[in-house]
Asker: 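Let me give you the structure first, and then I'll get to my questions.
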Amino acid sequence: MSQQLSHLKRLEAEAIHIFREVAASFEKPVMLYSIGKDSSVLLHLAIKAFYPAKPPFPFLHVDTTWKFREMIQFRDDTAKRLGIDLIVHINQEGVAQGINPFDHGSNTHTHIMKTASLRQALDKYGFDAAFGGARRDEEKSRAKERIFSFRDAQHGWDPKNQRPEMWKIYNTRVAKGESIRVFPISNWTELDIWQYILLEDIPIVPLYFAKKRPVVERDGMLIMKDDDRMSLNPGEATSDQMVRFRTLGCYPLTGAIESNADTLEAIVSEMLIARTSERQGRLIDRDEAGSMEKKKREGYF
Amino acid sequence: MNSLDTPAALKSFLAEQEQKTLLRFLTCGSVDDGKSTLIGRLLFDTKLIYEDQLAALENESRKWGTVGEDIDLALLVDGLEAEREQGITIDVAYRFFSTSRRKFIVADTPGHEQYTRNMATGASTADLAVVLVDARKGLLTQTRRHTFIASLLGIRHIIVAINKIDLVNYDRTIFEKIDEDFRAMSADMGFSSITPIPLSARFGDNVTAPSPNMEWYNGPTLLGHLETVEFEDERLDSPFRFPVQYVLRPDLNFRGFAGTLAAGTVKPGDPVVVAKSGKLSTVKRIVTMDGDLDQAVEGQAVTLVLEDEIEVSRGNMLVAPEDRPEVADQFAANIVWFSEDAMLPGRQFIMRTETDRATVSVNDLRHRIDVNSFAHEAAKSLELNEVGYCHLSAQSPIAFDPYSNNRATGAFILIDRLTNATVGAGMIVHALRRASNVHWQALDVDKKTRADQKGQKAAVLWFTGLSGSGKSTIANLLEKKLLAEGRHSCILDGDNVRHGLNRDLGFTDEDRVENIRRVGEVSKLMVEAGLITLVSFISPFQAERQLVRDMLDEGEFVEVFVDTPFEDCAKRDPKGLYAKALRGEIKNFTGVDSPYEAPTAPDIHLQTSGQSPEEILDVLEGALRAKGIL
């Protein structure tokens, strides 16, 4: 009995197994690195899976140009510290059109700068498998998705016709142009992620820790004014408040929570008594039930 | 929860978290038996539902709900638009919750028959099945089907959740009748535990807390049983299995085999055997980024470094020497069919095990299993969602255990070669005939040792050319020379072999191919014996000469083209065969009415026109010395 692996060790082993399967079976894998805590855990697991060798694939960040500045700093420091091959892709057509979340709304912005941009990058480099840090507990359509999620040549997901996924035997075969999105931490919960970060001492973006930050209340969310591209509406004013972020995305679309949790232990403790889910801070999922499913059919992660 | 505010309390909470084990289970049963509601209830009662999710749920209950004013808990788990619209579960959904003792991964699987393959997906990774039965309806076709598939997929622990007990006035006799029926139905399914629980998913009776409505029931609550059932010790006690996934070779000094233990435990110093080759070595290190381990157990993903430089690649397995898996290319298996296109015996598929792959064909569908009566029926094909017992043969041997001994090393999937769709899942029952229990013996004396003993390099000198070109004459001269030099050799001559080993073969294209294949196998054995083997065969087809080359190791096959023009051969005609063939008295004669495909790039090219046999021998000898054969 005492020899049984703990649940975190089993989850870790499952993820490592998946990384190795992809490296052994695909011509050109890539790992999507989105800088958040889930990506930090995913990156850590990728390094573990191939130790003492380096992960045999590059890392890709799809930059919407609206990420928090601290995220970009953290990204560049991390790539340097670990000596990994990091590709940064920006949808230059979107930049030329001046796409931004304020004038075009969250849907258009996310579609052009994230979904379409990701498709651009995958096509440009010809990646046939892409790791992502999505978890099944995040959202209802994710709960239905396979670990190896088949995408057609247009990167679309067909939820009604998924490949049966038996045991730990993954069907890794794709025709030219088709690809697989791979989610090694599918079975992790938000609590698992934080416990693992604590246990393994994994570096994360400082935005997760509470600190006085300039925020403005808008649409019921606390938005941090991260740079001068965000202008205030009449009647709005920023104030310095003790806040932190449960998830990280584009700063104009990511709500902060009031918190004093400035250590990992305090974050875990706060999480245990939390009464709202983490994606509540994401404007993009809110529009309607099924909005994530719709985005995924279009090629969103 | 406030107690967690102190660092000490949090530390002990986290320590407790680290000791939690993981149980994967699935919920199944017929449509409308309340599976999704039950999971919704578990999530709700273990406080795994957040306020914003609850708010969204209230919205949707009004839109899609089927329970009037109440919150419809099923809507929590039916995540796809089509599912919410139709009010049914189409695909398996994975849900998570935990208590202070365990973390749970729940596969909520569909009840509708056309989605049975998604139920099998959920069952394949589960250690326990919660089979829901509507107390008003008793066992239904779907109940039987799902229970059978759970057993087929190796689930050993069953909870019979007798749901909607509130709708039958918490009647004990109904509960007992269903329990009895279930035990009778599943008597031959090999479950090690069957636990019946009367409950109401909608109102929460016996889900997480004992029900005040059923004083007669003294058994565990659903959650109570899930928290305490013992389920994985057998995997730890099984013999060591390590399917190799990936070979890590960051530099010349490190060669590690990465993989996940499929069974048993391993320690540095343990002897291990490579399943397919029988080569023996010892575990030197168990490498992880957290430092080397003293021991690794089932389920752990590690990298093994061995004491010896032996050949191991992806698809092979490192195993316990005293208890090895089967290595075979023919085996019997139960197959669940997933595709709209029926499975027809004779078709070829790509077979994937956890890390290996091979081309297989389903040779024989022995019988189909009726999932309602569990009877064996004769069948010519397997339709979508049907289960059959088949004989398969693979193009190369695979290492496996019977599925009943090990779910990780006894399972495979079948992939369509054109569409790449996963069309079936298989569970191996046993190996067939010749391959069974014959392990490759890695002998300490190998072909190199034998050749070294004779002071030579073993090789096959393959003389090809038209009949009467002088192949045998040159081969005989060379062998005399080799004997004089103290070499060990043997000649295989076409005419002689056809009098013995191959006397059942004629001269059709099929027989010529078989003729060469056999000679190839014999010359391979001779190379194993360390001999210089001289083969003198017309061997007219390029493909067969290539076949023999492929049987042997690099450099062992030396193709010698004895190039004598047709006219010279026909003129020389030592056996009078050309004269007969040209008169039409012999059919299929090479060069006359059967083709000769001259080698395009022979290792040695002997042009015989105008040369004496001794002159040709000098040329041949020189070429063999240049190649290091002599």
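Here is how names work: the chains are called A, B, and so on, in the same order as the sequence lines, proteins then strands, and each is numbered from 1.
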Asker: Is there a side-chain contact between B:Y94 and A:S186 (heavy atoms, below 4.5 Å)?
Answerer: no
Asker: Measure distances from B:I350 to the heavy atoms of chain A and classify the residue's part below 4.5 Å as side chain, backbone, both or neither.
Answerer: side chain
Asker: Taking side chain as everything from C-beta outward and backbone as N, CA, C, O, which of these in A:F150 sits under 4.5 Å from a heavy atom of chain B? Side chain, backbone, both or neither.
Answerer: neither
Asker: About how many Å separate OG1 of B:T121 and CD of A:Q162, when rounded to the nearest 0.5 Å?
Answerer: 9.5 Å
Asker: Does a side-chain heavy-atom distance below 4.5 Å link A:M166 with B:V336?
Answerer: no
Asker: Rounded to the nearest 0.5 Å, how far does CZ of B:R102 lie from NE2 of A:H7?
Answerer: 13.0 Å
Asker: Could you tell me whether the side chain of B:D290 reaches within less than 4.5 Å of the side chain of A:E200, counting heavy atoms only?
Answerer: yes
Asker: Is B:R357 close to A:R173 at the side-chain level, that is, under 4.5 Å between some pair of heavy atoms?
Answerer: yes
Asker: Could you tell me which portion of B:M119 (side chain, backbone, both or neither) has an atom closer than 4.5 angstrom to a non-hydrogen atom of chain A?
Answerer: neither
Asker: Where the side chain of A:R163 meets the backbone of B:N420, is there a donor-acceptor pair that is under 3.5 Å apart?
Answerer: yes
Asker: Rounded to the nearest 0.5 Å, how far does CG of B:L248 lie from OH of A:Y51?
Answerer: 11.0 Å
Asker: Do you know which of B:E354, B:Q300, B:R249 has the most heavy-atom pairs with chain A at a distance under 4.5 angstrom?
Answerer: B:E354
Asker: Is any side-chain heavy atom of A:R136 closer than 4.5 Å to one of B:F96?
Answerer: yes
Asker: Looking at every non-hydrogen atom in both residues, tell me the closest pair between B:G299 and A:A13 and how far apart they are.
Answerer: O-CB, 3.0 Å
Asker: Identify which part of A:E265 has an atom lying under 4.5 Å from any heavy atom of chain B, answering side chain, backbone, both or neither.
Answerer: both
Asker: Report yes if some heavy atom in the side chain of A:N187 is under 4.5 Å from a heavy atom in the side chain of B:R24; otherwise report no.
Answerer: yes
Asker: Against chain B, label A:I47 side chain, backbone, both or neither, depending on which of its atoms sit under 4.5 Å from a heavy atom there.
Answerer: both
Asker: Go through the atoms of B:K20 and report whether side chain, backbone, both or neither lie under 4.5 Å from a heavy atom of chain A.
Answerer: both
Asker: Can you give me the closest heavy-atom contact between A:P56 and B:Y246, atom names plus distance?
Answerer: CG-OH, 3.3 Å
Asker: What residue, out of B:I413, B:V287, B:T125, B:L23, has the most heavy-atom pairs lying under 4.5 Å from chain A?
Answerer: B:I413
Asker: Nearest 0.5 Å, what's the CD1-CG distance between B:I105 and A:L11?
Answerer: 6.0 Å
Asker: Write down the atom of B:S124, the atom of A:E165, and the distance for their closest heavy-atom approach.
Answerer: OG-O, 4.0 Å
Asker: Against chain A, label B:A411 side chain, backbone, both or neither, depending on which of its atoms sit under 4.5 Å from a heavy atom there.
Answerer: both
Asker: Checking the side chain of B:Q245 only, and the main-chain atoms of A:A24 only, is there a donor and an acceptor separated by less than 3.5 Å?
Answerer: no
Asker: So which of A:I169, A:D192, A:L191, A:L199 has the biggest tally of heavy-atom pairs under 4.5 Å with chain B?
Answerer: A:I169
Asker: Give a yes or no on whether A:K28 atom NZ has more than 12 heavy-atom contacts from other residues, nucleotides or ligands under 6.0 Å away.
Answerer: yes
Asker: Just so I know, are the side chains of B:M289 and A:H44 near enough to count as touching, which here means a heavy-atom distance under 4.5 Å?
Answerer: yes
Asker: Side chains of B:R352 and A:T172, heavy atoms from C-beta outward: is any pair under 4.5 Å?
Answerer: yes
Asker: Just give me the residue among B:V423, B:V302, B:T419 that pairs up with chain A most often, heavy atom to heavy atom, under 4.5 Å.
Answerer: B:V302
Asker: More than 12 non-hydrogen atoms from neighbouring residues, nucleotides or ligands closer than 6.0 Å to CG on A:D201, yes or no?
Answerer: no
Asker: What part of A:K9 gets within 4.5 angstrom of chain B, counting heavy atoms only: side chain, backbone, both, or neither?
Answerer: side chain
Asker: What pairs with A:F19 under ring pair (Phe, Tyr, Trp, His ring centres under 6.0 Å), at least two apart in sequence or on another chain?
Answerer: A:F131
Asker: Quick one: salt bridge (charged side-chain N to carboxylate O under 4.0 Å, His left out) partners of A:D262, sequence neighbours excluded?
Answerer: none
